[in-house]
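The structure under discussion appears below in the form of structure tokens.
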Amino acid sequence: MDIFLYNSLTKQKEKFTPIEPSSIKMYVCGPTVYDEPHIGNARPVIVFDLLFRLLRHKYGNDKVNYVRNITDVDDKINKIALQKYPDLDINKAIGQITNKIETIYKDTAIKLGCLAPSKEPRATEHITEMINIIDSLIKNNKAYVSEGHVIFDINSYSNYGHLSNKSKEDLLAGARIEVATYKRDPLDFVLWKPSALNEPSWDSPWGRGRPGWHIECSAMSAKYLGKVFDIHGGGIDLAFPHHENEIAQSCSFNNNDKLASYFIHNGSLNIEGKKMSKSAGNVTLLTETLQSFHGSIVRLNMLRTHYRQPIDWTERSLEQTENVIRKWLSAEKDINTEFNEEVPTEVYESLFDDMNTPMAITHMHEYFNKQEYNKLYASLDFLGIDLKSFNDTLKKDKKIPQINEEAIQVLIEERNLARANKDYKKSDEIRNKLEIMGIRLKDMANGTAWEQIE
RNA sequence: GGCCACGUGGCCGAACGGUUAGGCGCGGGUCUGCAAAACCCUUUAAUCCGGUUCGACUCCGGACGUGGCCUCCA
């Protein structure tokens, strides 16, 4: 069975043909670690984790090299470092922030059921590689030095704009920002810039400074995957300028016309119908979402929408997903653990077809309805949705600190005695009392159960 | 202004040129002292206007609407 993927380079779905089937190479743009991860960060993490799993399944677990970088040099980081730790040495202040955010990010990825990438390189550990690329670009007349900056000359790269389907004229027409004096062409971008004393800096042939955006990905992808690799992934908003610039500088450096065979982009994410932004005050932090909803819910909710579709992230859809998971979980006792069911072919077919997770999930609903629980659970397992850990949290949820379980049990027995005596007035009083305490009763065939009301 | 994506039933969300996706919710029922839970049944669609076609939600064109990107946001 072949994997088909929508390639942003060609704007169509294509059969995935690796450069080297014995070594699949995927690079995904990771986070800039300047602030706590939000729900929008989670989408590529989950989507490309699924692709990682698909590739591992097809080519072998040890045959897929998945690199996801950590960008720990960035002016946003500097800004926050100065704000938060004004008295600290700038490098120490930055380290405090980047280390903390990186830890939260990785911890969150685990909660979302994501496998660790093969390699998670940090930008600041690859400054030398960046300088080498920049130096070579200057020597080959692809970049120039101006007012202490090193600037990439986009007119030296004829294919500029291909990925994002933009012409230079179009880009200029929409320019919102005043052109820096040190640029020959408004679309030229910075490879290296000089640093002030309160900015992080490294020695370079062009003086003490720091790298611009984009170059870190060119340096790290080349180092860990080579000049040309199979898949480059990230959010659609990165197509321009980030990926476009990466292609321009990498191809100019490598003197070829291809950085990756396939560019895969996940769609954008809105919050309750609106773009998430700090100014709108609707940034949903992952750590907050994960307090109300288990990682499995967040993951399944994300995968209910096809990865290229825009997704409207709402509380309501999370609740619906939770309902589905709770329903599926109810089958757990009926699973035949002796017999390990294979993931059904049609689920693979759905996923291999440009990661059609909604179709796969439709099949999973069918398995539940047909009581083919082993198929359902095998599929969930493949999607990285861990119901087992979800179940553990449910049990934990029931241990309510303020409420004494024994006291509840006493009340239940009291009520059942009343019911046996057909004293329904009293039994309903007890039930109402428990309801107010946040406890809902369920009279089952084999006794009375209770659960916490949310 | 340019480029792009999307517009499906109360809500979420798919596939497909012709055969009811699925889920959630609503409603009805079974069960229960009554509830809850569980189970069963049920309902509704394709923004608008043209075109292609024997036949279009599905292909093409247009209008309208929503959203994204257009230099540092995944």
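Keep in mind that what you see is a predicted model, and the values were worked out from it rather than measured.
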Base, sugar-phosphate or nothing for [X]? Non-hydrogen atoms, less than 4.0 Å.
X: A:Q309; result: sugar-phosphate
X: A:K11; result: nothing
X: A:R415; result: base
X: A:L441; result: base
X: A:R419; result: base

Is the shortest distance from a Lys or Arg side-chain nitrogen in A:R68 or A:D49 to a carboxylate oxygen in the other one below 4.0 Å?
-> no

Intra- and inter-strand pairs of RNA chain B in dot-bracket (Watson-Crick or G-U wobble, both distances under 3.5 Å; | for another strand) = (((((((..(((.....[...)))..((((.......)))).....(((((..]....))))))))))))....

Distance in angstrom units between [X] [atom1] and [N] [atom2], rounded:
X: A:I236; N: B:rC4; atom1: CD1; atom2: P; answer: 12 Å
X: A:E349; N: B:rA21; atom1: CD; atom2: P; answer: 20 Å
X: A:N41; N: B:rA74; atom1: CG; atom2: P; answer: 6 Å

A:D237 vs A:R431, nearer the 5' end of RNA chain B by closest nucleotide | A:R431

Which comes earlier along RNA chain B counting from the 5' end, the contact point of A:S427 or that of A:H365, where each point is its nearest nucleotide?
-> A:H365

Are more than 12 heavy atoms from other residues, nucleotides or ligands located less than 6.0 Å from atom NZ of A:K422?
-> no

Side-chain N,O (A:T32) to OP1/OP2 (B:rA74) below 4.0 Å | yes

Would you say a side-chain N or O of A:N165 is under 4.0 Å from OP1 or OP2 of B:rC4?
-> yes

Between [options], which nucleotide has the shortest distance from any of its atoms to the side chain of [X]?
X: A:D428; options: B:rG68, B:rU71, B:rC34; answer: B:rC34
X: A:D443; options: B:rU71, B:rC3, B:rA35; answer: B:rA35
X: A:K166; options: B:rA74, B:rC3, B:rC72; answer: B:rC3
X: A:L187; options: B:rC12, B:rU71, B:rA74; answer: B:rU71

Only residue of A:N356, A:T357, A:D354 satisfying side-chain hydrogen bond (donor to acceptor under 3.5 Å, both in side chains) with A:Y307 is A:D354

If you measure from NE2 on A:H265 to CG on A:D237, what distance do you get to the nearest 0.5 Å?
-> 8.5 Å

